[in-house]
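Note that the numbering runs from 1 along the sequence shown for the chain. Only a predicted model underlies this, so the values are computations on that prediction, with no experimental measurement involved.
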Amino acid sequence: MSIKKLSKARRSDPFFEREAGKYEVPLPSREYVLQILEREGKPTRFEHLCALLDVRKQESEHFRRRLGAMEREGQLMQNRKGAYIVPERAHLIPGRIEGHKDGYGFLLPDDDAETDIFLDARQMSGALHGDRALVRISGFDRKGRREGVIVEILERANRNVVGRVLIERGIAFVVPENKRIAQEILLAPEKKNKAKAGEVVIVEIIEQPSRHAQPIGRIVERLGNYADPGMEIEIALRKHDLPFVFSKAALAETKELPSRVRKAEAEGRADLRALPLVTIDGETAKDFDDAVYAEKKGRGWRLVVAIADVSHYVRPGMALDAEALQRGNSVYFPRRVIPMLPEKLSNGLCSLNPDVDRLAMVCDIDIASSGAIKDYRFYPALFRSRARLTYTQVWNWLSGAQSPETHAEELLKPHLQTLYALWQALAKARQKRGAIDFESTETMMIFNDQGKIDNIVPVERNDAHRLIEECMLAANVCAADFLERSKHPCLYRVHEGPSPEKLEALRAFLKEFGLGLGGGDTPHARDYSTLLEKVRERPDAALLQIVMLRSMRQAMYAPGNVGHFGLAYEHYTHFTSPIRRYPDLLVHRAIKAVLSGEAHYRPGNWEEIGRACSITERRADEATRDVDNWLKCYYMRERIGEEFSGTIAAVVPFGIFVALDEVYVEGLVHVSELGEDYFGYDNIKHQMLGERTGKRYRLGDRLHVKLVRADLETGQIDFVLAAPPPEAVKAAKKKRK
């Protein structure tokens, strides 16, 4: 059947042109199907729906598949008689289930405007965290929250689950590592692959849970014992569904790539091999994706930022590109990296190693003496890094603590001094712009030969770190401005201001201290920055900074440019790390499309890709946090009974989390350990307050605690209160005076 023979009913589809662009003979669009069902106003059987939409017999199987896909996504459902209905007409809400370790859960509706729906433990008995479901509102709890009943599971999210084997009274089951999956998975009896208690395994769910039965699974992979070296990473990879093995197709494409830059690839590129560009990174870095150079230009400077041209090797449609999108970013664990691209690219061909030719996308910027960006241009280039330098090394030269050891290094020092002078101008411009500069302490784990922590030490940030950071910010701003001016879509790095609710809570908290935040209902980053500067010398500065930081939203990737609140930029994107971030790779492709005069680069739905990249970023954060917590828990097992001083880092309804001073580990003091009193949680004032004694534990308060438990299975570190040593009491009295 040809498209010309389609009936008037089929051509009445409001999305007919869109579907015709995708298929030779387009089926009725999803929107049209829903429109017809709404018009019918009653459950409609498949045969009658086909008649209404003039779907021919030879098309019926394909049409049934489309309806099936709509069912899986909650757009349609079938009643008990097999007739199709629109869930909204049956007052059913589709969404994704988020489980809680205590057995209950929530439905997160597909419509973001809807509030979450509470699901009690009885409802969750037939569902697992991540499942998609249709829910009917059944009432409201005493807190006014909507409660729901699961009508149907639309899609199961968990096929394989990582967990520990337990055996009780001869019955073997797996306790999932993901605590949001509260159900234990029974193991089907098998002669082969017999489970051992305490072993970490991957279990395949062969029977999903129901209201009356637990999930049943079988072991498909045995990872080893819980305390084996590196096990914490193996668990995290599987718990968070992190891709860590490259597909055969991606590896085959990588193998076909050259090991060095070929002569033909340099054609049409600017030759910057005469410029003394250098990379400056941490001591342990292996993938170098940015090189910098600065020179005086009148009263201002010329800044050259050369970024590895990953887009030259990873093209749309390649398996490597699909793999990079799926991963979203590289994941950096202690002592192990899960790269976004295979090592031949990430540590080789696209890594700006010294003394080898490399392809780059260059942002060449003119900067005024005030630190303002006057002009910029982008172009592809060929260049050669003169040196692989470290932050410590560069800062030692700039501060005079050490001198360059070789003649080649001595020749680089004047260029670094020019970069440093440029940074000072950029830093002043940052301050004038009002960018928020929260102070934080980064830490690094020192490992022994067995792969366990020997010590946790703070990482000192010096001006060499800040120098590179400002150079990258400048290039990112230019990239966003370039694409916006060119009216080319891209993924912006979006950071919105605080929500009205969080802003109201912050103002209420600051009022307790006689402080205020400027800016009215729409504060600017400068208002935050002014307040931070005002409280910097106060003894409660750490508390105020934490609360201000928590009032802010999370940054994300999106095609709509709403600016970057924290950095005080009107437009901002990520351009400088295409080796390890997929959005940067898309930005490179978009810039190249503009430079070549081609039609807009279209990777797909920008909104969906932005959402996917934001999710993979959070997934990586959660996985690395899990590994860090496990390693710290293992480290603290040897220190049970010891006493520590620390600061209250978080207040929650069930207790307070204390961050230790010199160990850089957090643990819980449960509410039952706070004293012989009933303690009420105040989320506005970030405190626990005793009803009878008036004893208060507030965010930022100093405490002395004793370590009583470090449980590897739950990853939980528990403290109890301890009497502070005499010297601490004296210091506290002196501080109060």
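Asp628 and Arg625 are not joined by a salt bridge, as no carboxylate oxygen comes within less than 4.0 angstrom of a charged side-chain nitrogen. A salt bridge between Arg238 and Glu234 is present, with a side-chain N of the basic residue lying under 4.0 Å from a carboxylate O of the acidic one.
Judged as a side chain to side chain donor-acceptor pair (under 3.5 Å), and not counting sequence neighbours, the contacts of Glu642 are Arg639. The side chain to side chain donor-acceptor pair (under 3.5 Å) test applied to Asp281 returns no partner, not counting sequence neighbours. Taking the side-chain contact (heavy atoms from CB on, under 4.5 Å) definition, one finds that Asp682 meets it with Ile684, Lys685, Gln687, sequence neighbours left out. Here Ala427 pairs with Trp423 under the side-chain contact (heavy atoms from CB on, under 4.5 Å) rule; sequence neighbours left out.
Taking the six-membered ring where tryptophan is involved, the planes of Tyr569 and Tyr572 are essentially parallel, since the angle between them stays under 30° and well short of 60°.
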The test is side-chain contact (heavy atoms from CB on, under 4.5 Å); show your working for Asp437 and Arg430 and say whether it passes.
CA-CA 10 Å; Asp437 202 2; Arg430 178 192 182 103; 4.3 Å; yes

Could you walk me through whether Thr624 and Tyr332 pass side-chain contact (heavy atoms from CB on, under 4.5 Å), step by step?
CA-CA 7 Å; Thr624 51; Tyr332 294 86; 5.5 Å; no

Report the C-alpha distance between Ser551 and Leu517 in whole Å, list the side-chain angles of each, state the deciding distance to 0.1 Å, and finish with yes or no for side-chain contact (heavy atoms from CB on, under 4.5 Å).
CA-CA 12 Å; Ser551 73; Leu517 177 72; over 6 Å; no

Pair Val477, Leu567 - check side-chain contact (heavy atoms from CB on, under 4.5 Å), show working.
CA-CA 10 Å; Val477 168; Leu567 294 171; over 6 Å; no

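Nearest heavy atoms, Gly516 versus Leu531: O-CD1, 3.8 Å. Ala568 and Gly434 make their closest contact through CB-C, 4.2 Å (heavy atoms, listed as atom of the first residue, atom of the second, distance). Residue Val652 comes nearest to Met688 through the heavy atom pair O-CE, 3.6 Å, listed as atom of the first residue, atom of the second, then distance. Of all heavy-atom pairs spanning Ala236 and Ala623, the tightest one is CB-O, 4.0 Å. In this structure, Leu426 and Gly371 approach most closely via the heavy-atom pair CD2-O, 3.5 Å. The shortest non-hydrogen separation linking Asp521 to Leu503 is O-CD2, 3.6 Å.
By the 4.5 Å heavy-atom criterion applied to side chains, Leu699 and Arg550 are counted as neighbours. Side chains of Glu512 and Arg698 form a contact here, defined as non-hydrogen atoms less than 4.5 Å apart. Using a 4.5 Å heavy-atom threshold, the side chains of Val394 and Ile468 count as separate. For the pair Phe333 and Ile338, the minimum side-chain heavy-atom distance is below 4.5 Å. Within the 4.5 Å cutoff, the side chain of Pro176 has heavy atoms near those of the Ile185 side chain. Met636 places a side-chain heavy atom less than 4.5 Å from the side chain of Leu660. Looking only at side-chain heavy atoms (C-beta outward), Val162 and Leu223 come within less than 4.5 Å of each other. The side-chain heavy atoms of Leu515 and Leu544, taken from C-beta on, include a pair separated by under 4.5 Å.
Summarising the geometry, atom CE belonging to Met444 is positioned 10.5 Å from atom CD belonging to Glu460; distances are rounded to the nearest 0.5 Å. To the nearest 0.5 Å, atoms CD (Glu199) and CZ (Arg222) are separated by 4.0 Å. One distance of note links CG of Asp661 with CG of Leu703; it measures 10.5 Å at 0.5 Å rounding. Atoms CD1 and CG, from Ile233 and Asp626 in turn, are 12.0 Å apart once rounded to the nearest 0.5 Å. Note that OG of Ser529 is 9.5 Å distant from CG of Asp527, once rounded to the nearest 0.5 Å. With values rounded to the nearest 0.5 angstrom, Lys695 atom NZ is found 14.5 Å from Glu676 atom CD.
Using a distance-only test at 3.5 Å, with no hydrogens or angles considered, a donor-acceptor pair links the side chain of His704 to the main chain of Phe644. Looking at Arg709, its side chain never comes within 3.5 Å of a backbone N or O of Ile640 through a donor-acceptor pair. With hydrogens and angles ignored, the 3.5 Å screen pairs a side-chain donor or acceptor of Gln183 with a backbone N or O of Ala127. Without hydrogens or angle criteria, Asn178 side chain to Lys239 main chain gives no donor-acceptor distance under 3.5 Å. A donor-acceptor pair under 3.5 Å is absent between the side-chain atoms of Gln545 and the main chain of Arg536, judged by distance alone. Using modelled atom types, one side-chain atom of His100 and one backbone atom of Asp102 make a donor-acceptor pair closer than 3.5 Å. Looking only at distances, no side-chain donor or acceptor of Tyr697 sits under 3.5 Å from a matching main-chain atom of Ile656. A distance-only check finds no donor-acceptor pair linking the side chain of Arg692 to the backbone of Tyr678 [under 3.5 Å]. Formation of a donor-acceptor pair under 3.5 Å by the His495 side chain with backbone atoms of Arg553 is found in this model. Of the possible polar contacts, none joining the Asp116 side chain to the Phe106 backbone as a donor-acceptor pair under 3.5 Å is found.
Within a 6.0 Å radius of CG in Asn448, other residues, nucleotides and ligands contribute more than 12 heavy atoms. Atom CD of Glu622 sits in a crowded spot, with more than 12 heavy atoms from other residues, nucleotides or ligands closer than 6.0 Å. Applying the 6.0 Å contact sphere to CD of Glu283 captures more than 12 heavy atoms from other residues, nucleotides or ligands. Residue Glu662 qualifies as open at atom CD: its count of foreign heavy atoms under 6.0 Å is 12 or below. Heavy-atom contacts from other residues, nucleotides or ligands closer than 6.0 Å to NZ of Lys179 number more than 12.
Geometric assessment of Arg335 against the ring of Phe447 yields a positive cation-pi assignment under the 6.0 Å and 45° thresholds.
Evaluated for a side chain to side chain contact (heavy atoms under 4.5 Å, CB included) with Asn329, the options Arg619, Arg580, Glu617 yield exactly one hit, Glu617.
For the 3.5 Å distance criterion, the side chains of Asn462 and Tyr391 fail to qualify, holding no donor opposite an acceptor. No hydrogens or angles considered: a donor-acceptor pair under 3.5 Å links the side chains of Thr647 and Arg702.
Contacts classified as ring pair (Phe, Tyr, Trp, His ring centres under 6.0 Å) and involving residues 511-550 (residues at least two apart or in different chains) are given here: Phe509-Phe513, Tyr528-Phe565. Applying the ring pair (Phe, Tyr, Trp, His ring centres under 6.0 Å) test to every pair with at least one member in residues 648-668, sequence neighbours left out, gives no pairs at all.
The distance between the ring centers of Tyr557 and Tyr492 does not fall below 6.0 angstrom.
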